[in-house]
Asks: 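Handing you a structure now.
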There are 2 protein chains.
Amino acid sequence: MKRKFQDIYKQLSESIEAGTFQTGTTLPSENELAENYNASRETIRKALNMLSEHGYIQKVQGKGSIVLDMSRINFPFSGVISFQELSQKLGTRTKTEVVYLKKEHATDHQLKGEERVWRVHRVRHIDGERIILDKDVFSVQAVPHLTNEICENSIYDFIENNLGLTISFAHKEIVIEEPSEEDQHLLDLNGSHNIVVIRSFTYLEDATLFQYTESRHRPDKFRFVDFARRVQT
Amino acid sequence: MKRKFQDIYKQLSESIEAGTFQTGTTLPSENELAENYNASRETIRKALNMLSEHGYIQKVQGKGSIVLDMSRINFPFSGVISFQELSQKLGTRTKTEVVYLKKEHATDHQLKGEERVWRVHRVRHIDGERIILDKDVFSVQAVPHLTNEICENSIYDFIENNLGLTISFAHKEIVIEEPSEEDQHLLDLNGSHNIVVIRSFTYLEDATLFQYTESRHRPDKFRFVDFARRVQT
DNA sequence: CTGTAAAACTTGTATATACAAGTATAAAAT
DNA sequence: ATTTTATACTTGTATATACAAGTTTTACAG
């Protein structure tokens, strides 16, 4: 009995994505689900509340849980997701080129309290064009060693599966800027006068900051999709 | 005993924003909070989970609830928020100009199933410059009448307080486009070659779609800030 | 003094119960 | 047939209990 409600969440979310429950219809009632999954109603409710938060359903008191249309937010994703996970959807159309990888002294304020950091610059290719420039700074304390090969694949995968760390949350900022000389040199800007800059601070399970990233996207290839619930006042 | 955990959430979130609980420290334990607020531990946990979702705290098993730094996401906001609510923070530096307001037949696919819709175009002024063009389409079924004055103030406020409807959630998309002739005519583009377009579909409590919005921002004045938790797989 | 083990904390999960509140359905009254 | 009323069903909230799992502190053995 360890991750029961998370398993139920996973099963239900996958069922909704697979179309087993159609958009606009209601899920079985909480009591029915409790019987089906051999769980208490509270456990079911935890799973349903997760579905609600992530935009799968809308709960209406007295009526039931209405299945929402997830197709809009299926791709790309909101939340913390890596280019590697994104490229799995695009298959062989993506490539990562490591243009810089060095252990340095922390000169800037980006990862305060850290003495030494990894600095990684990667150019992301999509369909043969250089679209994204990712400039990462990792805490050496959290990530002791890093190789070219790891950077070409997924650093997140390495961190989570090899180092056993759990990436938990991120603060993110999206702004539009003028392309730098570095952008013009490393990316195929294709005449774009602007660049989309996503700055993010990523934290581990224990709330320690371990990564600062500046992800610089060619504007015509950028799309951010979000689901948000209105905060009650 | 109706909105106990929501009240506790509100009190705790305001305390954190006010700095009563300092960043990096832990909140009182769940059992202590339960005593303080005269509530059960489960009720406290519901409030704490809301704080966690919204980026106020990070819960660590065995340790406690660590207070996070909210200053980064304080302004501007993520989630569903209106220009009116935003302008309250900027005071008298903002102005809204209604450039179009008419009840029309629904011609496009934006609000499917609707026969008649309100179409509202508004130019948002910040510090004397025309920065944002908001193009809204409202369901006439949900919003029977609309006046110039309502549009100059807050349509959301009118909908929630006068019509008694509850805005619940939204799907949102952010992309970068070339400025249209309309953009060039109605906004002070200040030499910008791009425009930030936020397309959003807003839904009521019962999951009915009632609004489609295209919010077009001058790129140098645009900033989107987000807090996101990593989805477990 | 040091290292280990136990105890005392913390949050995480699962269950059961009770009632409130909103919606839909069926029965009854008109 | 229509309206009203009662009933059943739905989700929302609050509480209590038990145990699991992770962290910190304390006690103890060496």
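Below, chain A is the first sequence line, B the second, and so on; all start at residue 1.
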Asks: Nearest-Å distance, CD (A:Glu30) to P (C:dT23)?
Replies: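 The distance from CD of A:Glu30 to P of C:dT23 comes to 15 Å, rounded to the nearest Å.
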Asks: Would you kindly say whether B:Gln211 and B:Thr213 are connected by a side-chain donor-acceptor distance under 3.5 Å?
Replies: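 A pair is found: one side chain offers a donor N or O, the other an acceptor, under 3.5 Å apart.
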Asks: Yes or no on side chain to side chain contact (heavy atoms under 4.5 Å, CB included) for B:Ile159 and B:Ile155, after CA distance, side-chain angles and deciding distance?
Replies: CA-CA 6 Å; B:Ile159 287 168; B:Ile155 298 181; 3.6 Å; yes
Asks: Return the value, rounded to whole Å, for the distance between atom CG of B:Asn31 and atom C1' of C:dG12.
Replies: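 Between C1' of C:dG12 and CG of B:Asn31: 13 Å.
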Asks: Is the distance from OP1 or OP2 of D:dT11 to the nearest side-chain N or O of A:Lys63 less than 4.0 Å?
Replies: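 No, A:Lys63 has no side-chain N/O under 4.0 Å of OP1/OP2 on D:dT11.
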Asks: Any idea which of D:dT15, C:dT11, D:dG12 is nearest the A:Lys59 side chain?
Replies: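 So the nucleotide nearest the side chain must be D:dG12.
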Asks: Has A:Lys46 got a side-chain N or O lying under 4.0 Å from the OP1 or OP2 atom of C:dG12?
Replies: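 No, outside the criterion.
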Asks: With under 30° as parallel and over 60° as perpendicular, where do the rings of A:Tyr9 and A:Tyr56 fit, or are they tilted in between?
Replies: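 It falls in the perpendicular class, over 60°.
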Asks: Between B:Lys4 and D:dT15, is there a contact of a side-chain N or O with OP1 or OP2 at under 4.0 Å?
Replies: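 For D:dT15, OP1/OP2 do have a side-chain N/O of B:Lys4 under 4.0 Å.
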Asks: Verify side chain to side chain contact (heavy atoms under 4.5 Å, CB included) between A:Phe222 and A:Ile198, making sure each step is shown before the conclusion.
Replies: CA-CA 11 Å; A:Phe222 173 79; A:Ile198 306 172; 3.6 Å; yes
Asks: Rounded to whole Å, how long is the line connecting atom CG of A:Leu33 with atom P of C:dA14?
Replies: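 Result: 15 Å.
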Asks: Quick one: B:Ile44 CD1 to C:dG12 P, roughly how many Å, whole number?
Replies: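 Roughly 14 Å, once rounded to whole Å.
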Asks: Identify, between B:Pro28 and A:Gly62, the residue whose nearest nucleotide on DNA chain C lies closer to the 5' end.
Replies: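 Counting from the 5' end, the first nearest nucleotide belongs to B:Pro28.
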Asks: Does A:Arg41 get its side chain close enough to the base of D:dG12, under 3.5 Å, for a donor-acceptor pair?
Replies: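 When only heavy-atom distances are counted, A:Arg41 does reach the base of D:dG12 through a donor-acceptor pair under 3.5 Å.
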Asks: Which whole-number value in Å describes the distance from A:Glu205 CD to C:dG12 P?
Replies: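 Rounding to the nearest Å, CD of A:Glu205 and P of C:dG12 are 10 Å apart.
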Asks: Starting from the C-alpha separation in whole Å, work towards a yes-or-no answer on side chain to side chain donor-acceptor pair (under 3.5 Å) for A:Arg229 and A:Ser52.
Replies: CA-CA 9 Å; A:Arg229 292 201 167 270; A:Ser52 173; 3.2 Å; yes
Asks: Output the rounded distance in Å from CG (B:Asp206) to P (C:dA24).
Replies: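 Nearest whole value for this atom pair: 10 Å.
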Asks: On the nucleotide C:dG12, are OP1 or OP2 found under 4.0 Å from the side-chain N or O atoms that A:Gln6 carries?
Replies: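 Indeed not, no polar side-chain atom of A:Gln6 lies that close.
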Asks: Just N and O in the side chain of B:Ser29: are any of them under 4.0 Å from OP1 or OP2 of C:dC9?
Replies: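 Result: no.
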Asks: With a 4.0 Å cut-off on heavy atoms, is B:Asn38 in touch with a base, just the backbone sugar-phosphate, or nothing at all?
Replies: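 Result for B:Asn38 = sugar-phosphate.
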Asks: Do any side-chain nitrogens or oxygens of B:Thr26 fall under 4.0 Å of OP1 or OP2 in C:dT10?
Replies: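 No.
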Asks: Check if the side chain of B:Gln61 and the base of D:dA21 share a donor-acceptor pair of N or O atoms closer than 3.5 Å.
Replies: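 Such a pair is found, so the answer is yes.
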Asks: How many whole angstroms separate atom CG of A:Asn49 from atom P of D:dG12?
Replies: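 Result: 7 Å.
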Asks: Starting the side chain at C-beta, find the nucleotide from C:dT11, D:dA14, C:dT15 nearest to B:Ser40.
Replies: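 Side chain of B:Ser40 sits closest to D:dA14.
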Asks: Indicate whether the side chain of B:Ser168 and that of A:Gln58 have a donor and an acceptor atom separated by less than 3.5 Å.
Replies: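 Yes, a side-chain donor-acceptor pair sits under 3.5 Å.
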Asks: For the pair made of CD in A:Glu42 and C1' in D:dA14, what is the distance, rounded to whole Å?
Replies: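 Going from A:Glu42 (CD) to D:dA14 (C1'), I get 9 Å.
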Asks: Under 4.0 Å between a side-chain N/O of A:Arg45 and OP1 or OP2 of D:dG12, yes or no?
Replies: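 Yes, because at least one side-chain N or O of A:Arg45 sits under 4.0 Å from OP1 or OP2 of D:dG12.
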